[in-house]
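Worksheet for the structure shown next.
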Amino acid sequence: MARYNPQDTEPKWRAAWAEADVFRAGPPDKADPRPKYYVLEMFPYPSGRLHMGHVRNYALGDVIARFKRARGFHVLHPMGWDAFGLPAENAAMERGVSPKDWTYQNIAAMREELKRLGLSIDWSREFATCDPEYYGQQQSWFVDLWRRGLVYRREGMVNWDPVDMTVLANEQVVDGRGWRSGALVEKRKLNQWFLRITDYADDLIEGLKTLDRWPAKVRLMQENWIGRSSGLRLTFAFADKAPAGLEGGLEVYTTRPDTLFGASFLAISPDHPLAESLAAADPKVAEFLAECRRGGTSEADIEAAEKKGWDTGLRVVHPFDETWTLPVWIGNFVLMDYGTGAIFGCPAHDQRDLDFARKYGLTVTPVVLPPGAQADTFTVDREAYVGPGRIFNSRFLNDLEIEAAKKAAIERIEAQGRGTGATVYRLRDWGIARQRGWGCPVPIIHCPACGPVAVPKADLPVKLPDDLDFSRPGNALDRHPTWKHVTCPTCGGMAQRETDTLDTFVDSSWYFARFTDPTASKPIDKAAADYWMPVDQYVGGIEHAVLHLLYARFITRALADEDLLSVREPFAGLFTQGMVTHETYRRQTGEWLEPNAVDVTVDGASRIARLIEGGEPVVIGDIEKMSKSKKNTVAPSDIFDDYGVDAARLFVMSDSPPERDVQWTTGGIEGAWRFINRVWNEFDSQPMDIAPADITSDPKAVELIRASHRLVAGLTDAIEGFRFNSGIARLYEFLNVLKANPAESASPAVLTARREALSALARLVAPFTPHLAEACWAQLGETGFVATAPWPSFDETLAAQDELILPIQVNGKRRGEIRVPVGGGEDEIRKIALADPDVQRHLEGLTVRKVIVVKDRIVNIVVG
RNA sequence: GCGGACGUGGCGGAAUCGGUAGACGCAGCAGACUUAAAAUCUGUUUCUCGUCAGAGAGUGCGGGUUCGAGUCCCGCCGUCCGCACCA
């Protein structure tokens, strides 16, 4: 018996697949009866080496692609490279290589590693976002969006990452730090390029409702991120002379117009134009504003931040009472970039307003009466009341419930012409320009006479020069001696190219559409996109829940409105897989150690770790995401060398549910390796030429066939439901059944049944361990690839048992079991159950009050 | 603070509809093969009591609904994730 040798077998089958070009997706073809299925995993950044996270991500997608192909779908499963970005510039600065060479070399290396994984990818569609053919098409639609006004430029406060020396979008700031660099982000006032994602805020929220194959968690996160709230925009007139520029009054936004009679002050943001003009006239105001800005933006700072205010001396008139005026304060807690940058304060029903009012001695008037409270005794002290109730102290709003009062107040304000009901979003426009040299150039030329002018499409792509100087930090494109100096396409005068490049998240916001025809002479070939889009199953990490996944949904809409696409939602199904983790190891001194330098042994209840060289005791740390900094990584190529690709694929899939983190362990990969060998042994020991015998002549053969049909049903369900770990457990289970019926001692009937079961098994393991499956398929004497063989069919009547073991409970406790035919009648079952000796013992001296028979499941006898 | 998810053996996990809790794997223990080890194979392993037969307990804690609860409801505790002065 030959031991399974992945080192010989795996490359052989990969070469055979490539030779036969079996994974190429055909062009859109109406005559093809197969339904299309587009499987995509988030494409990798070419960092240079594959890590276990990639293995898990791509193996997962490949299971789906191979499964769907076997189920009769026309599958598109492409691969490309998210190739622009800072690591290339950092490498350039450190090593003096060009970012382009570094990137393409990494791509070449990673392509080989990915190919080694045996993925069923259509490599003919591969591209990198740093290919001019790709980013040139991106510039083309960017110009379209610019013409439509979806791209704009304005001065504004932006997030500045001082380490990466570039602007970041709000989505890219995590806990006040840059998402890549981890540096504390500064606020800077800059002229910036924006994409008007807020135009689509409503559509992006509404669209979430249609994404029933997305995790609820991601939909919720996007909904919260967009943060829609409805309320009232309302202008307060100044009681005396209005400050310059605010003759029309001061506009505020509120979600609680029902509490207008509880208003005791207005507060504006320190960044409000009014605050700034007051500061220009009064140094003391300027000093106050400076004080407000000193506070940090981190979590802890905000938590500790005290409410601070400055009374401007200005007063405004209450919209419902000409004789009632309110003071206008500057409040450090009011944000400029939400709503209008100004609020009215109702201290009784908003905690922030209450803190502020108590500090500065402002009036607190309750206007919402909690259920059960008395109007004459209800007061608010240190805790604002935000619950439900009836409005009181509020003239025409009295006795209304909160929602009705909101409506009434808005109607009154609208009738007065002082404001309108309004919907406001937390989402901000997407700052897309980066001050970096290794990115897609913004295709705009700044002309002193004509202003910003789009580069004519005939002149696209605006290519990056090859001779950029990355030896020092900052924007290499900007300091290039000649690149930016051009003539204006409109007037022919001297002009300068924009030297900012696009956020790499722009690159990844449409690549899935480009895959449908990567050589099209326009950004997207409509016919190809109409055939393949949307992506039926997208697979990637949860970390992109509000970054990439929101941007891609937005760009898809923008391109649909440009008539480049027909779909508005790019990803019909989304699966977010968990991370690959590993135990961490440290020296006593705290220095991190690589797993393969450490030997772990079990000693009774505890595990002891020592350095392999020298035996020095090692501290076993937490289980964490594999990372270079903690050295708890395992190189995929080492695992492929030792156990083969299939074992690695199988293990990352088998040990945990795919949405959860999986812990890499030596024991786990060895278990997967054992399984592969045991599968191979079953095929290897099966005699090739057997005379077909009547399976029904041997009950063991019948049972084996039944088990195989149950396996088909169970595994199909498990894959459809992304329960890959459970599905693989069924495969292990079935292998145990096969092993209990070894070929060596099998009857002709069992041998025949084995032959049939093995044929199914080869096809069932194919999505997980594709190389092994081909070897097994060939061993059976089948022709063609198992990769293109149809999924085994499932015969319900064969899978069904004709007898089953029914548990019997007495008062809910399991007391015995009976063997009965499937579908047995209730009376008959009851009789057998009551006659069972084990049950009888527990009925002694008791009266049977009730017998519950759940067909084919359980019997419960209630006694008293 | 707000929103969400999750708590099951020594470990990863299974139980898809309220119906035998612990599938499958890892680790452990015992045995076979071997001069020995590795590999492989067989058996065994929730806990407590018991020689066995068996009995009792058991899915974070406390209640509830039900003939029956890991699963549903209420209240706690804990862990993780997202957001966070968003008016």
Side-chain angles (χ1 to χ4, degrees), chain A residues 3 174-175 215-218 220-225 227 229 231-232 252-256 259 267 269 295 299 301-303 305 307 331-335 337-346 349-353 355-356 424-427 542-543 545-546 602 604-607 623 651 654-657 659-663 665-672 674-675 677-678 681 714 717-718 720-721 723 725-736 739 805-817 838 841 849-863:
Chain A
R3 198 176 162 81
V174 179
D175 290 339
K217 180 189 169 75
V218 175
L220 188 70
M221 280 168 71
Q222 291 213 356
E223 194 177 331
N224 290 340
W225 186 265
S229 75
L232 171 70
V252 305
Y253 171 74
T254 180
T255 55
R256 295 296 303 270
T259 64
S269 164
E299 210 176 315
D301 291 338
I302 289 166
E303 204 67 50
K307 298 282 177 289
N332 68 334
F333 63 101
V334 183
L335 304 173
D337 54 4
Y338 184 78
T340 63
I343 60 154
F344 82 78
C346 173
H349 305 293
D350 183 290
Q351 193 58 47
R352 292 154 305 175
D353 296 350
D355 295 343
F356 191 76
V424 162
Y425 302 90
R426 206 191 80 103
L427 182 71
I542 187 80
E543 66 273 18
V546 285
V602 175
S606 59
R607 295 167 69 243
I623 295 154
F651 173 57
S654 66
D655 221 38
S656 293
E659 69 279 9
R660 240 183 277 179
D661 291 352
V662 64
Q663 189 193 342
T665 60
T666 309
I669 183 69
E670 281 173 354
R674 268 195 290 274
F675 173 77
N677 278 287
R678 279 158 39 172
N681 288 341
D717 262 20
E720 300 265 15
R723 294 184 304 275
N725 56 325
S726 297
I728 291 168
R730 305 293 290 263
L731 285 168
Y732 276 82
E733 219 170 4
F734 181 70
L735 196 67
N736 291 337
K739 274 172 52 167
I805 291 163
L806 216 55
I808 314 298
Q809 295 181 331
V810 177
N811 282 349
K813 281 193 199 301
R814 187 176 177 279
R815 295 303 184 188
E817 54 187 38
D838 283 336
R841 270 190 315 120
R849 301 206 187 277
K850 203 170 169 187
V851 178
I852 291 143
V853 178
V854 183
K855 202 175 178 190
D856 294 343
R857 291 222 93 136
I858 202 164
V859 178
N860 193 9
I861 302 167
V862 187
V863 296

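Reminder, nothing fancy here: chain letters follow the sequence lines and each chain counts from 1.
Figure legend. B:rG75 is base-paired to B:rC61; pairs are counted as Watson-Crick or G-U wobble with both atom distances under 3.5 Å. Base pairing of B:rG82 is made with B:rC2, judged by Watson-Crick or G-U wobble geometry with both donor-acceptor distances under 3.5 Å. Under the Watson-Crick or G-U wobble criterion, with both distances below 3.5 Å, B:rG54 is paired with B:rC49. Across all strands shown, B:rU34 forms no Watson-Crick or G-U wobble pair with both distances under 3.5 Å. In a base pair of the Watson-Crick type (N1 to N3 plus N6-O4 or O6-N4) or a G-U wobble (N1-O2 and O6-N3), with each distance short of 3.5 Å, B:rC29 is matched with B:rG43. Using N1 to N3 plus N6-O4 or O6-N4 for Watson-Crick, or N1-O2 and O6-N3 for G-U wobble, each under 3.5 Å, B:rA21 pairs with nothing.
The side-chain heavy atoms of A:Val863 and A:Val810, taken from C-beta on, include a pair separated by under 4.5 Å. Using a 4.5 Å heavy-atom cutoff, the side chains of A:Asp353 and A:Phe344 are not in contact.
Across all strands, A:Arg660 comes closer than 4.0 Å only to sugar-phosphate atoms, never to a base (heavy-atom distances). A:Val851 comes within 4.0 angstrom of no nucleic acid atom, judged by non-hydrogen atoms across all strands. A:Gly671 comes within 4.0 angstrom of the backbone, heavy atoms only, and of no base. Using a 4.0 Å heavy-atom distance criterion, A:Tyr732 is classed as a sugar-phosphate-only contact. Across all strands, A:Ser726 comes closer than 4.0 Å only to sugar-phosphate atoms, never to a base (heavy-atom distances). Among the protein residues, A:Ile808 comes within range of no part of the nucleic acid, since none of its heavy atoms lies under 4.0 Å from any strand.
Rounding to the nearest 0.5 Å places CZ of A:Arg723 at 10.5 Å from CD of A:Glu659. Taking CG from A:Leu735 and CG from A:Asn681, the interatomic distance works out to 9.0 Å, rounded to the nearest 0.5 Å.
Stacking of A:Lys307 on the aromatic ring of A:Phe356 is not recorded, the 6.0 Å distance cut-off and the 45° axial limit not both being met.
Neither OP1 nor OP2 of B:rU40 sits under 4.0 Å from any side-chain N or O of A:Arg678. Distances shorter than 4.0 Å separate none of the side-chain N or O atoms of A:Arg723 from OP1 or OP2 on B:rA23. Contact annotation: A:Ser229 side-chain N/O to B:rA87 OP1/OP2 distance is under 4.0 Å. When the side-chain nitrogen and oxygen atoms of A:Asn224 are compared with OP1 and OP2 of B:rC86, none of them lie within a distance under 4.0 Å. For A:Tyr338 and B:rA87, the shortest distance from a side-chain N or O to OP1 or OP2 is below 4.0 Å. OP1 or OP2 of B:rC26 sits under 4.0 Å from a side-chain N or O of A:Arg674. Close to B:rA57, at under 4.0 Å from its OP1 or OP2, lies a side-chain N or O of A:Lys813. Proximity of A:Arg815 to the phosphate of B:rG56: a side-chain N or O atom is located under 4.0 Å from OP1 or OP2.
With a glycosidic angle more than 90° from 0, B:rG56 adopts the anti conformation. Under the 90° criterion around 0 for the glycosidic angle, B:rC17 counts as syn.
Summarising the geometry, the separation between CZ on A:Arg814 and P on B:rA57 is reported as 15 Å, rounded to the nearest angstrom. Counting to the nearest Å, the C1' atom of B:rG13 and the CG atom of A:Leu731 are 16 Å from each other. Counting to the nearest Å, the P atom of B:rU40 and the CG atom of A:Leu735 are 13 Å from each other. Note: CG (A:Leu806) to P (B:rU20) measures 10 Å, nearest angstrom. Here B:rU66 presents its P atom at 15 Å from CG of A:Asn811, a figure rounded to the nearest Å. Distance, A:Arg857 CZ to B:rA21 C1': 14 Å, rounded to whole Å. When the P atom of B:rA53 is taken as reference, atom CZ of A:Arg841 falls 12 Å away, rounded to whole Å. Rounded to a whole Å, the CD1 atom of A:Ile669 is 13 Å from the P atom of B:rA27.
Nucleotides of RNA chain B nearest to A:Asn860 and A:Gln663 differ in position, and the one nearer the 5' end is that of A:Gln663. Toward the 5′ end of RNA chain B lies the nearest nucleotide of A:Glu817, the other residue of the pair A:Glu817 and A:Lys850 mapping further downstream.
Under a 3.5 Å cut-off, the side chain of A:Arg426 and the backbone N or O of A:Trp225 do form a donor-acceptor pair. In this structure, the side chain of A:Asp655 does not engage the main chain of A:Phe651 through any donor-acceptor pair within 3.5 Å. Remark: side-chain polar atoms of A:Ser269 are paired, donor with acceptor, to backbone N or O of A:Val334 under 3.5 angstrom.
When all heavy atoms of A:Ala545 and A:Met221 are compared, the pair lying nearest together is CB-CE, 3.5 Å.
You'll find that the side chain of A:Lys739 is closest to B:rU42, out of B:rU42, B:rA14, B:rU16. The side chain of A:Lys217 has B:rC81 as its nearest neighbour among B:rA14, B:rA87, B:rC81. Of the candidates B:rG19, B:rA87, B:rC85, the closest approach to any side-chain atom of A:Ile343 belongs to B:rA87. In the set B:rA14, B:rC86, B:rC81, the nucleotide with an atom closest to the side chain of A:Arg352 is B:rC86. Nearest to the side chain of A:Ala729, among B:rG12, B:rA84, B:rA23, sits B:rA23. Picking from B:rC85, B:rG3, B:rA87 the nucleotide with the shortest atom distance to the side chain of A:Leu220 gives B:rG3. Candidate nucleotides B:rA15, B:rC67, B:rC85 were compared by shortest atom distance to the side chain of A:Ile852, and B:rC67 ranks first. Closest to the side chain of A:Met221, from the set B:rG82, B:rA87, B:rU20, is B:rG82. The listed nucleotides are B:rC67, B:rC41, B:rC83; the one nearest the side chain of A:Val862 is B:rC67. Closest to the side chain of A:Gln809, from the set B:rA87, B:rA21, B:rA23, is B:rA21.
Comparing B:rC24 with B:rC61, their P atoms are spaced 26 Å from each other, to the whole Å. Between B:rU44 and B:rC26, the distance separating the two P atoms is 16 Å to the nearest Å. To the nearest whole angstrom, the two C1' atoms, one in B:rG25 and one in B:rG9, are 14 Å apart. B:rC6 sits 14 Å from B:rG13 when the C1' atoms are compared, rounded to a whole Å. Look at the P atom in both B:rA87 and B:rC81: the space between them is 25 Å, to the nearest Å. Using P as the reference atom, B:rC85 and B:rA15 are 40 Å apart when rounded to the nearest Å. Rounded to the nearest Å, the gap between the C1' atom of B:rG10 and that of B:rU16 is 28 Å. Comparing the same atom, C1', in B:rA27 and in B:rG18 gives a spacing of 34 Å after rounding to whole Å.
Taking the charged nitrogens against the carboxylate oxygens, A:Arg814 and A:Glu817 do have a contact shorter than 4.0 Å, which makes a salt bridge.
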